[in-house]
Amino acid sequence: QVQLVESGGGLAQAGGSLTLSCAASGRSFKSSAMAWSRQAPGKEREFVAAISFDSFNTLYADSVKGRFTISRDNAKDTVYLQMNSLKPEDTAVYYCAKDRTAYISRQYESWGQGTQVTVSS
C-alpha cells in the first residue's frame, strides 16, 4: 500500500506563494494518477487539482485555476502543488491522494495526513 507524506505547508501572505510536496512510498505511484484536495475549518473536503500518471492530463477546481499548478516527478515518487497568488480563502489543510487508476478518476484509495496552509490578509 502506498504511503503519502505531505510537506511544504505554512503561513503565507495574501498574494504570496507556497509549494507543497507529497512523497510516496510503496508500489504503483508511477502508474497512478494523483490529486490534491483541501479542507477548511467547518467545511467539507474539496477537490483542488489532479494529474494523470504520465503528467499528460491535469484538472483544476475553478477556484484555483490559473493560480495553482500540479506536477509530478515519477523518478522521485513525488507530486507537487505550486500555489501562487494565494488568497485567505485558500486557508485549509491540504491532502495528497492516490487515484485508483492511471488516469484522473477522482476515486482515491490512499490519503496523506495533510499539511496546513494559512494565508493571512
Side-chain angles (χ1 to χ4, degrees):
Q1 185 168 348
V2 171
Q3 291 188 325
L4 304 173
V5 179
E6 302 96 334
S7 62
L11 179 64
Q13 291 189 333
S17 299
L18 283 174
T19 300
L20 306 183
S21 299
C22 172
S25 62
R27 303 183 303 170
S28 74
F29 173 86
K30 295 175 178 58
S31 60
S32 300
M34 297 293 295
W36 288 93
S37 295
R38 67 187 181 186
Q39 187 166 18
K43 295 187 176 181
E44 294 188 352
R45 192 173 297 189
E46 65 173 357
F47 170 78
V48 174
I51 187 167
S52 61
F53 79 105
D54 57 1
S55 301
F56 193 76
N57 295 109
T58 57
L59 181 67
Y60 296 93
D62 287 344
S63 59
V64 307
K65 201 172 295 183
R67 300 188 298 121
F68 290 10
T69 302
I70 189 170
S71 62
R72 65 190 295 162
D73 184 341
N74 284 348
K76 296 182 178 180
D77 288 351
T78 301
V79 61
Y80 305 96
L81 186 68
Q82 174 68 44
M83 306 185 294
N84 298 328
S85 303
L86 284 163
K87 304 176 181 180
E89 51 263 44
D90 294 321
T91 295
V93 177
Y94 283 71
Y95 298 91
C96 172
K98 177 182 172 296
D99 203 299
R100 294 182 182 274
T101 71
Y103 298 95
I104 298 169
S105 74
R106 296 178 59 177
Q107 298 180 34
Y108 308 118
E109 61 181 23
S110 300
W111 292 89
Q113 299 278 24
T115 186
Q116 176 70 48
V117 171
T118 303
V119 183
S120 62
S121 57

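In this text the structure is predicted, and so the values were computed from the model without any measurement. For the numbers below, each heavy atom of this structure counts, side chains included, while hydrogens, waters and symmetry mates do not.
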- prompt: Does a salt bridge link Lys65 with Asp62, judged by any charged N lying under 4.0 Å from a carboxylate O?
  reply: yes

At their closest point, which heavy atom of [X] faces which heavy atom of [Y], and how far apart are they?
| X | Y | answer |
| --- | --- | --- |
| Leu18 | Gly8 | CD2-O, 4.0 Å |
| Gln39 | Lys43 | NE2-O, 3.0 Å |
| Ser21 | Thr78 | CB-CG2, 4.3 Å |
| Ala92 | Ala40 | CB-N, 3.8 Å |
| Phe53 | Ser31 | CB-C, 3.8 Å |
| Ala24 | Leu4 | CB-CD2, 3.7 Å |

query: What residues, two or more places apart in sequence or in another chain, satisfy ring-ring contact (aromatic ring centres under 6.0 Å, His included) together with Tyr60?
result: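 For Tyr60 there are no ring-ring contact (aromatic ring centres under 6.0 Å, His included) partners, ignoring immediate neighbours.
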
Got [X] and [Y] here, is their nearest side-chain heavy-atom distance under 4.5 Å?
| X | Y | answer |
| --- | --- | --- |
| Val64 | Arg38 | yes |
| Glu6 | Tyr95 | yes |
| Lys98 | Met34 | yes |
| Trp36 | Met83 | no |
| Val119 | Glu89 | no |
| Lys30 | Asp77 | yes |

Is the [atom1] atom of [X] crowded by more than 12 outside heavy atoms at less than 6.0 Å?
| X | atom1 | value |
| --- | --- | --- |
| Lys76 | NZ | no |
| Glu109 | CD | yes |
| Gln3 | CD | no |

query: Same cluster for Val2 and Trp111 if Ile/Leu/Val/Met/Phe/Trp/Tyr side chains link at under 4.5 Å?
result: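 Different hydrophobic clusters.
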
query: Are Ile104 and Tyr80 connected, step by step, through hydrophobic side chains (Ile, Leu, Val, Met, Phe, Trp, Tyr) whose heavy atoms are closer than 4.5 Å?
result: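 No, separate clusters.
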
Roughly how far, to the nearest 0.5 Å, is the [atom2] atom of [Y] from the [atom1] atom of [X]?
| X | Y | atom1 | atom2 | value |
| --- | --- | --- | --- | --- |
| Cys96 | Tyr108 | SG | OH | 10.0 Å |
| Leu81 | Thr19 | CG | OG1 | 8.0 Å |
| Ser55 | Asn74 | OG | CG | 6.0 Å |
| Thr118 | Leu86 | OG1 | CG | 10.5 Å |
| Arg72 | Ser52 | CZ | OG | 7.5 Å |

query: Passes side-chain contact (heavy atoms from CB on, under 4.5 Å), Gln116 versus Leu11? Steps please.
result: CA-CA 8 Å; Gln116 176 70 48; Leu11 179 64; over 6 Å; no

- request: Would you please say whether a donor-acceptor pair under 3.5 Å links the side chains of Asp99 and Ser105?
  value: yes

Plane angle bin for Tyr94 and Phe68 - parallel if under 30°, tilted between 30 and 60°, otherwise perpendicular: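 Ring orientation of Phe68 relative to Tyr94: tilted.
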
query: Looking at residues at least two apart in the chain, or sitting in another chain, which of them share a side-chain hydrogen bond (donor to acceptor under 3.5 Å, both in side chains) with Gln13?
result: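 Gln13 satisfies side-chain hydrogen bond (donor to acceptor under 3.5 Å, both in side chains) with no other residue.
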
